[in-house]
A.B. asks: 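Below is one structure. I have some questions about it.
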Amino acid sequence: MSDKNHLYLVDGSAYIFRAYHRLPPLTNPQGTPVGAVYGYTTMLWKLAEDLDKAVGPTHLAVILDKASHSFRNDIYDQYKANRPPAPEDLVPQFPLIRDATRAFSLPCIEEEGLEADDIIASYARAAALQGWDVTIVSSDKDLMQLVSEGGNGTGAIDMLDTMKNQRIGREEVIEKFGVGPELVGDVLALMGDSADNIPGIFGVGPKTATKLIQEHGNLTAALDSAEAMKTSKLKERLIEHRADAEMSRILVTLKEDAPLPQPLEEFRLDGVPKEPLAAFLQDHGFTSLLRRLDAGNGSPSRSTDLNPAKQDNAGADAAPQGNRQDMPEMPAVDRDAYECVQTLDRLEHWVARALAARLVAVDTETSALDAISADLVGISLALGPNDACYIPLAHGGTDMFAEKPDQVELAAAIAALKPLLESDAVLKIGQNIKYDINVLARHGIAVAPVDDTMIISFDLDAGRSEDGIGGGHGMDELAQRHLGHSCLSFKDVCGTGKKQIPFGEVPLEKATHYAAEDADVTWRLHRLLRPRLAIEGGTRVYEQVDRPLIGVVAAMEREGIKVDRAALARLSEQFATTTARIETEIHEIAGQAFTIGSPKQLGDILFDKLGYKGGRKGKSGQYSTDQAILERLAGEGAPIANKVLEYRQLTKLKSTYTDALQDKINRDTGRVHTSYSLVGAQTGRLSSTDPNLQNIPIRTEIGREIRKAFVPEAGNVLLAADYSQIELRLAAHMADVDTLKEAFAAGEDIHSRTAREMYGEVTRDTRAQAKTINFAILYGISRWGLAGRLGVEADEAQAMIDRYFERFPGIQRYIVHTLEQVRERGYSETLFGRKTWFPRINSKNQAERQGSERAAINAPIQGTSADIIKRAMARMMPALHDAGLAPKDGSGVRMLLQVHDELVFELPEGDVAAAAPVIERVMAEAALPSVILDVPLGIEIGTGDSWDAAH
DNA sequence: AAGGTCACG
DNA sequence: GACGTACGTGACCTTG
């Protein structure tokens, strides 16, 4: 058993061509031909099965051709020029090759301008130089040049022809070419290659080529020898076509020093998780493979035995045989294996074991859902599968005289756990650990460092879901998807509705089953998901963007923001009076009382009773009465329309803001604490709930009254810092539009500049139109959509779109390129590597497909903007601290809110002058050094005695 | 629980 | 020939 690394490089493109011709024309349930894909899938399966054998891979990557131009075309324009187009029923299988590779959770490498052979050569050399053995899974004769026996610290390189199940080493190469690998290129240069349209010497085939190279030792010597030959056809041809041979020599030379798009280390094989493989097999009707996967022991590698599903004897027959014992087995969840920790002694024992393990899954149980006000009821820990415990701390209800179960005293438990949860040397894993961080922070514990399975899942699989359902990142879903396990649900334990009991009243045995299972499952999910980050290229966004944010956002939630209750109450009062009056007026006009808030009733009144025109809409058959319709009616002189609009605005403001916000003021802190979701938006944006502080009114005068109620504490001010036009700036950079980049560099008003480019002059009207079009571009444009917004005909809107693309051609290129990439790979990517998946991008349903296309155009821009502000947030408090503005006691500058492109701070009035430049710098430089933008990031900062005044 | 509406970036 | 037309969210109301 060797511990030597062994890299497998799979030549995916070559394989599929051969599989296509060898296999019957199967189709999947959707009717797509999948014969070649099936062949490819079985090959990967076989490779994965070899995982544990001495010759099996420790690292593996699939290399694909990017069907286009390579440097060889620059040398020889006829290179591969005689290739017939791929067969019609093979074409749709190309993208499926990527899907199949991803289904196996394997890395997939392709690079513009490089052929698969060159990438393979570069990786093979790099790995061999590090002493790794390399196997190239291909039978391409060009690649035989790479075969080497290694030695002297260099690894060996061989090839594997999986179709013939044959290994190709030096001997096999000599058998085929008559010369060693180092001379294969010379032979190929003479014989040429009709498939790649490499000329070689006309009339010289393998036999002659081999003979010439054997005799003369290399190509140049062979060509030089021609002069001395006796007259023959061969002599003539060698002399006449010498240049062809020399060019061919260059064409067959593999580029071995190409930059490696992904480091070798990231190719480490950590086993094949059951999902997404099972879903893929299911989709394509590969039922026999699916059965083998479900059978567990027929799974493609030992590590699939990690899935406890349906394995009653998994522990028995899945004994480790391979060379990677660091991979623990994962038996089925056994709730009876959990311990209920009821003495300090046992607790200390668990803490000691966790310190030694350096990795512990943590979960807290509380009396309510809101982390800021909920009380701690218990804590569970997991150190491995079924190796978990629950530490009850406040069970037995609130009745002081009732008999309570034995529990470790809260303060003693906190004291025992604190060194563990704060230890730099122990990674704490949680599912949404921000929640636990906040709960424990109230007990004086600063949990760090952490990993979060929910966020890891998000960074891997955002947007990915079969049919739009089950794409979430909640623990029950993840357990189901990745472990095939159904967790005890909260409902099972606490009941529902009126009969629901607080967790603290759940009997200990049941509570232990539930709570420890959560920690156990979290530990298992981490074991499965964390390695995928490296394999699938998610490390960057996780480590550089999302993970650093967890503690930062937790702190913002704890900080909260002060809201002036009296001001809100006054507004509520005022809105109530006004709406009552308007309600009466509307009823008068309608000639009857009705529920204005009911779109159904309102529609009937407007369009049936009062006879205004306006069509039905939607499947519900109901009249639409939204703002746009009402504004149209108002324009046509319907007095009721404006009143309904005003009624709607005021009831909205009252119910959603002035009433609701008062209830959200925390009775202990006197402030409002929102909860941010780090996985809320598919694009990578945060979302805010309970209350949502990202949609506080600002656009209307009356709405801004609500913003005035967000205030600083005495002696402080609020500071709001906005990125100005960040999405348009990013579009200019990403689509490489010189005109727009110049405009931003010069600090121009971007909508005016757009108007000037498009219409030649800037007026209020043209600027407004240009602004609409600029946004339309960011959102994925359609002529009808734009027409609707601008109130023009679709033709005219199309003309404007054409004009826009003409003036900013980079934009069209960006759109086309983005869509191509998403169709091919299934996901879009931000500048920081955040993926968003679009499973419906190739849907046959037009509306569905076009919807995905629009979202896919927007996602890289919106997502990059989200990445940037997240990086700014992660760096903000350290930078302020370094500037002496944020002492550890929390007395200086505090970051309170994030609203997508805006950060809100509260700070002592006297700190503004010093803090503003620091905040501005951190925000402006947030992309650096990872990404260097062609446009400056503009920041606008304001301060005041309310959130409104800070704008 | 779903649909309609509307608040924000 | 119909489809259904701008991206991303969350909260509230009414209705079934």
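In what follows, chains carry the letters A, B, and so on, assigned in the order in which the sequence lines appear, proteins first and then strands, with residues in each chain numbered from 1.
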A.B. asks: Take the protein atom CZ of R707(A) and the nucleotide atom C1' of dA7(B), then report the distance between them rounded to whole Å.
C.D. replies: 10 Å
A.B. asks: Which part of the nucleic acid, if any, lies within contact of I696(A), taking any heavy atom under 4.0 Å across all strands shown: a base, the sugar-phosphate backbone alone, or nothing?
C.D. replies: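 Sugar-phosphate only.
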A.B. asks: Would you tell me if any nitrogen or oxygen in the side chain of S687(A) comes within less than 4.0 Å of OP1 or OP2 on dG10(C)?
C.D. replies: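 Result: yes.
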A.B. asks: So what does Q627(A) touch, heavy atoms closer than 4.0 Å: a base, only the sugar-phosphate, or nothing?
C.D. replies: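 Sugar-phosphate, backbone atoms only, no base.
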A.B. asks: Let's see if you can work this out: which of dC7(C), dT9(C), dT5(B) has an atom nearest to the side-chain heavy atoms of Q682(A)?
C.D. replies: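 Selected nucleotide (nearest to the side chain): dT9(C).
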A.B. asks: Provide the distance between the two P atoms, one in dT5(B) and one in dA2(C), to the nearest whole Å.
C.D. replies: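 Taking atom P in both dT5(B) and dA2(C), they lie 25 Å apart.
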A.B. asks: Should dA11(C) form a Watson-Crick or G-U wobble pair with both distances under 3.5 Å, which nucleotide is its partner?
C.D. replies: dT5(B)
A.B. asks: Quick check: are there more than 12 heavy atoms from other residues, nucleotides or ligands sitting under 6.0 Å from CD of E793(A)?
C.D. replies: no
A.B. asks: When we call it a touch if two heavy atoms are under 4.0 Å apart, what does I698(A) touch: a base, just sugar-phosphate, or nothing?
C.D. replies: sugar-phosphate
A.B. asks: Ignoring the backbone of H900(A), work out which of dG9(B), dC6(B), dC13(C) is nearest its side chain.
C.D. replies: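 Ranking dG9(B), dC6(B), dC13(C) by closest atom to the H900(A) side chain puts dG9(B) first.
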A.B. asks: Looking across every strand, which nucleic acid part, if any, lies under 4.0 Å from T772(A) by heavy atom: base, sugar-phosphate, or nothing?
C.D. replies: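 T772(A): base contact, heavy atoms under 4.0 Å.
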A.B. asks: Between Q898(A) and dG9(B), is there a side-chain N or O to OP1/OP2 distance below 4.0 Å?
C.D. replies: no
A.B. asks: Quick one: label T651(A) by what it contacts on the DNA or RNA (base, sugar-phosphate, nothing), any heavy atom closer than 4.0 Å.
C.D. replies: nothing
A.B. asks: Looking at CZ of R840(A) and CD of Q850(A), how far apart are the two atoms once the value is rounded to the nearest 0.5 Å?
C.D. replies: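 So the CZ of R840(A) and the CD of Q850(A) are separated by 14.5 Å.
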A.B. asks: Spell out yes or no: do the side chain of Q694(A) and the base of dC8(B) have one donor N/O and one acceptor N/O closer than 3.5 Å?
C.D. replies: no
A.B. asks: Parallel, tilted or perpendicular: which describes the rings of W947(A) and F710(A), with under 30° parallel and over 60° perpendicular?
C.D. replies: perpendicular
A.B. asks: For the side chain of W784(A), counting heavy atoms from C-beta on, which of dT5(C), dT5(B), dG8(C) is nearest?
C.D. replies: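 Closest nucleotide to the W784(A) side chain: dT5(C).
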A.B. asks: Using the P atom as the point on both nucleotides, what is the distance between dG4(B) and dA6(C), in whole Å?
C.D. replies: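 15 Å, rounded to whole Å.
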A.B. asks: Please report, rounded to the nearest Å, how far the C1' atom of dG9(B) is from the OH atom of Y676(A).
C.D. replies: 13 Å
A.B. asks: May I ask you to say what Q601(A) touches in the nucleic acid, namely base, sugar-phosphate or nothing, with a heavy-atom cut-off under 4.0 Å?
C.D. replies: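 Sugar-phosphate contact only - Q601(A) comes under 4.0 Å of backbone atoms but never of a base.
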A.B. asks: Quick check on DNA chain C: between A660(A) and A681(A), whose nearest nucleotide comes earlier from the 5' end?
C.D. replies: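 The residue mapped nearer the 5' terminus is A681(A).
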A.B. asks: Is T625(A) touching bases, backbone alone, or none of the nucleic acid, heavy atoms closer than 4.0 Å?
C.D. replies: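 Answer is sugar-phosphate: T625(A) comes under 4.0 Å of backbone atoms only.
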A.B. asks: Applying side chain to side chain contact (heavy atoms under 4.5 Å, CB included) to V737(A) and I811(A), what does each step give before you reach the verdict?
C.D. replies: CA-CA 7 Å; V737(A) 185; I811(A) 296 284; 3.8 Å; yes
A.B. asks: Given dA11(C), dT5(B), dA6(C), identify the nucleotide with an atom nearest to the side chain of P599(A).
C.D. replies: dT5(B)
A.B. asks: Does R789(A) contact dA6(C) through a side-chain donor or acceptor facing the base, at a distance under 3.5 Å?
C.D. replies: yes
A.B. asks: Side chain to side chain contact (heavy atoms under 4.5 Å, CB included) between E757(A) and L740(A): does it pass, once the steps are laid out?
C.D. replies: CA-CA 10 Å; E757(A) 294 291 331; L740(A) 293 177; over 6 Å; no
A.B. asks: Which nucleotide sits closest to the side chain of R648(A): dC7(C), dT9(C), dT5(B)?
C.D. replies: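 The nucleotide sitting nearest to the side chain is dT5(B).
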A.B. asks: When the distance from CZ of F775(A) to P of dT5(C) is rounded to whole Å, what number comes out?
C.D. replies: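 Computing the F775(A):CZ to dT5(C):P distance gives 21 Å.
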A.B. asks: How many Å lie between CG on L730(A) and P on dG8(C), as a whole number?
C.D. replies: 17 Å
A.B. asks: Using the ring of each side chain (for Trp, its six-membered ring), is F607(A) parallel, tilted or perpendicular to Y623(A), with breaks at 30° and 60°?
C.D. replies: tilted
A.B. asks: Quick one: is dT9(C) close enough that its OP1 or OP2 comes under 4.0 Å of any side-chain N or O from R685(A)?
C.D. replies: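 No, no such contact exists.
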A.B. asks: Heavy atoms only, 4.0 Å cut-off, all strands: where does S598(A) land among base, sugar-phosphate and nothing?
C.D. replies: sugar-phosphate
A.B. asks: If you check every side-chain atom of T656(A), which of dA11(C), dG9(B), dG16(C) has the closest atom?
C.D. replies: dA11(C)
A.B. asks: Under 4.0 angstrom, heavy atoms only, what part of the nucleic acid is N695(A) near: base, sugar-phosphate, or nothing?
C.D. replies: base
A.B. asks: Find the distance I861(A):CD1 to dC7(C):C1' and express it as a whole number of Å.
C.D. replies: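 Computing the I861(A):CD1 to dC7(C):C1' distance gives 10 Å.
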A.B. asks: Is it the case that the base of dG9(B) and the side chain of R699(A) share a donor-acceptor contact (distance under 3.5 Å, atom types as modelled)?
C.D. replies: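 Answer is yes: a donor-acceptor pair is held.
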A.B. asks: What's the CG-P distance between D663(A) and dA11(C), to the nearest Å?
C.D. replies: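 Spelled out: CG on D663(A) to P on dA11(C) is 14 Å.
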A.B. asks: Is it the case that the side chain of T674(A) and the backbone of P691(A) share a donor-acceptor pair, with hydrogens and angles ignored and the cut-off at 3.5 Å?
C.D. replies: yes
A.B. asks: On the ring face of F575(A), is K654(A) found with NZ or CZ under 6.0 Å from the centre and within 45° of the axis?
C.D. replies: no
A.B. asks: From CD of Q862(A) over to P of dT9(C), roughly how many Å is that when rounded to an integer?
C.D. replies: 7 Å
A.B. asks: If I take atom CG in residue D901(A) and atom C1' in nucleotide dC7(C), what distance separates them, rounded to the nearest angstrom?
C.D. replies: 14 Å
A.B. asks: How is D690(A) classified with respect to the nucleic acid when contacts are heavy atoms under 4.0 Å: base, sugar-phosphate, or nothing?
C.D. replies: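 Since only primed, P, OP1 and OP2 atoms lie under 4.0 Å of D690(A), the category is sugar-phosphate.
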A.B. asks: OP1 or OP2 of dT5(B) less than 4.0 angstrom from a side-chain nitrogen or oxygen of S624(A), does that happen here?
C.D. replies: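 Checking dT5(B) against S624(A), a side-chain N or O does come within under 4.0 Å of OP1 or OP2.
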